[in-house]
There are 2 protein chains.
Amino acid sequence: MAPRTAQAGDDDASGMPTEPTQARRFGKARTAQAHALLEDYAELIADLIATGGEARPTDIARRLGVSHATAIKTIARLKREGLATARPYRGVFLTEAGEALAQRMKARHRIVVDLLLRVGVPAEAAEQDAEGIEHHVSDATLAAFAAFLAAKP
Amino acid sequence: MAPRTAQAGDDDASGMPTEPTQARRFGKARTAQAHALLEDYAELIADLIATGGEARPTDIARRLGVSHATAIKTIARLKREGLATARPYRGVFLTEAGEALAQRMKARHRIVVDLLLRVGVPAEAAEQDAEGIEHHVSDATLAAFAAFLAAKP
DNA sequence: TCTAAAGTGTAGCCTGTGCTACAAATCCAT
DNA sequence: ATGGATTTGTAGCACAGGCTACACTTTAGA
Ligand SMILES: [Mn+2]
Ligand SMILES: [Mn+2]
Ligand SMILES: [Mn+2]
Ligand SMILES: [Mn+2]
């Protein structure tokens with residue numbers, strides 16, 4: 001049998017990942033983290049609009065617990081990335097891409113919380129931890145969570 | 001009955017968290033993220049030492065998939081935070097605090113992976129997502145995970 | 001209406017985390 | 001033992017994401 005080269009999920013006999021595999025995993029985790037803030041903003045903006053009809057920088061800042069200057073700077077990044085539109089003193093709106101991201105995150109957030117509750121995590125810890133965990137849940141994992149929740153209702 | 005002030009886990013009737021509650025959750029998620037890199041370094045350094053007797057900046061960098069300059073800069077931060085010691089050209093060592101963090105993260109990593117596998121997440125997705133999720137799992141959540149794994153073997 | 005409060009935007013600072021380029025030290029093989 | 005390869009360290013850059021301070025706009029109440 002021809003020797004094969006190391007592949008995606010390779011872990012050696014001891015269960016340790018091979019070096020390139022581990023490097024790739026860390027890299028993906030970094031990428032996920034880089035998107036986390038935008039995801040939270042999109043989800044929050046959609047919520048503010050759904051609830052109150054508009055998303056103002058000050059409201060966004062207050063909900064996130066950051067200064068309004070910080071919020072405004074991140075909103076500028078959302079615009080650069082094509083996720084939001086905003087004109088001075090007129091509130092923030094989501095583009096189609098931003099709206100899609102918001103809905104994806106909303107579903108993800110809910111499923112992560114539900115999964116945590118289902119395995120016995122206390123409610124407040126579930127809500128707290130989900131806020132970070134949601135950004136690291138891949139589609140495959142999300143699907144598994146949903147299946148697990150559906151299977152044992 | 002005297003009116004009570006809003007408290008830690010308060011969510012209103014619609015299931016939405018109150019504003020200060022949500023701000024606190026986001027803040028804690030940010031804090032967790034700020035510690036994530038140090039946690040990964042500590043875990044990795046402990047692993048390199050356990051496996052090969054020493055942790056060299058170049059090896060650390062290669063395993064993480066970053067440049068050696070980046071690794072060295074973060075090692076400097078580990079030293080500042082009292083988690084590691086290192087002298088020029090002599091490799092990196094963990095302080096007692098660093099070693100404790102490393103062991104905590106090692107256990108956390110394993111439990112998160114096991115939990116994900118238990119609820120049906122494919123192996124590679126579990127390994128990948130755990131690398132990010134582990135940094136957002138509180139003690140309460142970790143305990144719940146462990147209990148869930150122990151209960152249904 | 002018009003003034004004060006609230007909201008918004010900008011400037012400038014800091015830190016963390018990445019990079020490349022280059023310099024210095026160490027290690028190894030001849 | 002020494003010179004080339006490797007490792008380590010440093011310098012300097014970029015950008016994200018925090019902050020405060022200050023200026024400008026809008027909104028709302030007297
Ligand atoms: Mn979040
Ligand atoms: Mn969320
Ligand atoms: Mn990790
Ligand atoms: Mn880990």
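Just so we're on the same page: letters track the sequence lines, and every chain starts at 1.
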Upstream residue (5' side of DNA chain D) when B:R90 and A:R77 are each assigned their closest nucleotide: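 Its nearest nucleotide lies further toward 5', so the answer is B:R90.
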Looking at A:T58, I'd like to know whether one of its side-chain N or O atoms comes within less than 4.0 Å of OP1 or OP2 on C:dT8.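 True: A:T58 side-chain N/O within range (under 4.0 Å) of C:dT8 OP1/OP2.
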Compare all side-chain heavy atoms of [X] with those of [Y] and state whether any distance is below 4.5 angstrom.
X: B:F145; Y: A:L116; result: yes
X: B:R25; Y: B:P17; result: yes
X: B:V66; Y: A:F26; result: no
X: B:T85; Y: B:K79; result: no

What integer distance in Å separates [X]:[atom1] from [N]:[atom2]?
X: B:Y41; N: C:dG18; atom1: OH; atom2: P; answer: 6 Å
X: A:I72; N: C:dA11; atom1: CD1; atom2: P; answer: 12 Å
X: B:H135; N: C:dG16; atom1: NE2; atom2: P; answer: 18 Å

Presence of salt bridge, [Y] and [X], under 4.0 angstrom:
X: B:E99; Y: B:K106; value: no
X: A:E54; Y: A:R56; value: yes
X: A:R108; Y: A:D139; value: yes

Between B:E81 and A:R62, who's closer to the 5' end of DNA chain C by nearest nucleotide?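 Result: A:R62.
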Starting from the 5' end of DNA chain C, give me the residue, B:A34 or A:Y89, whose nearest nucleotide shows up first.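 Closer to the 5' end of DNA chain C: A:Y89.
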For a quick check of understanding: with a heavy-atom distance under 4.0 Å over all strands, which category does B:R80 fall into, base, sugar-phosphate or nothing?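 Answer is sugar-phosphate: B:R80 comes under 4.0 Å of backbone atoms only.
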Using nucleotides 19-22 of chain C, report all nitrogen or oxygen pairs with the protein that are shorter than 3.5 Å.
unit_1	atom_1	unit_2	atom_2	d
C:dC19	OP2	B:S67	N	2.8
C:dC19	OP2	B:S67	OG	3.2
C:dC19	OP2	B:T70	OG1	2.8

Between which nucleotides of DNA chain D, 5' to 3', does chain A make heavy-atom contacts below 4.0 Å?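 Using the under 4.0 Å cut-off, the span is D:dA16 to D:dT27.
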Compile the donor-acceptor pairs under 3.5 Å between side chains in residues 130-138 of chain B and protein atoms, sequence neighbours left out, one pair per line.
unit_1	atom_1	unit_2	atom_2	d
B:E134	OE1	B:H109	ND1	2.7
B:H135	ND1	B:E39	OE1	2.6
B:H135	NE2	B:D40	OD1	3.0
B:H135	NE2	B:D40	OD2	3.2
B:H135	NE2	B:E131	O	3.0
B:H136	NE2	B:Q33	OE1	3.2
B:S138	OG	A:D129	OD2	2.7
B:S138	OG	B:T141	N	3.3
B:S138	OG	B:T141	OG1	3.2

What are the two closest heavy atoms between B:I72 and B:P57, and how far apart are they?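 Closest pair (atom of B:I72, atom of B:P57, distance): CG1-CB, 3.9 Å.
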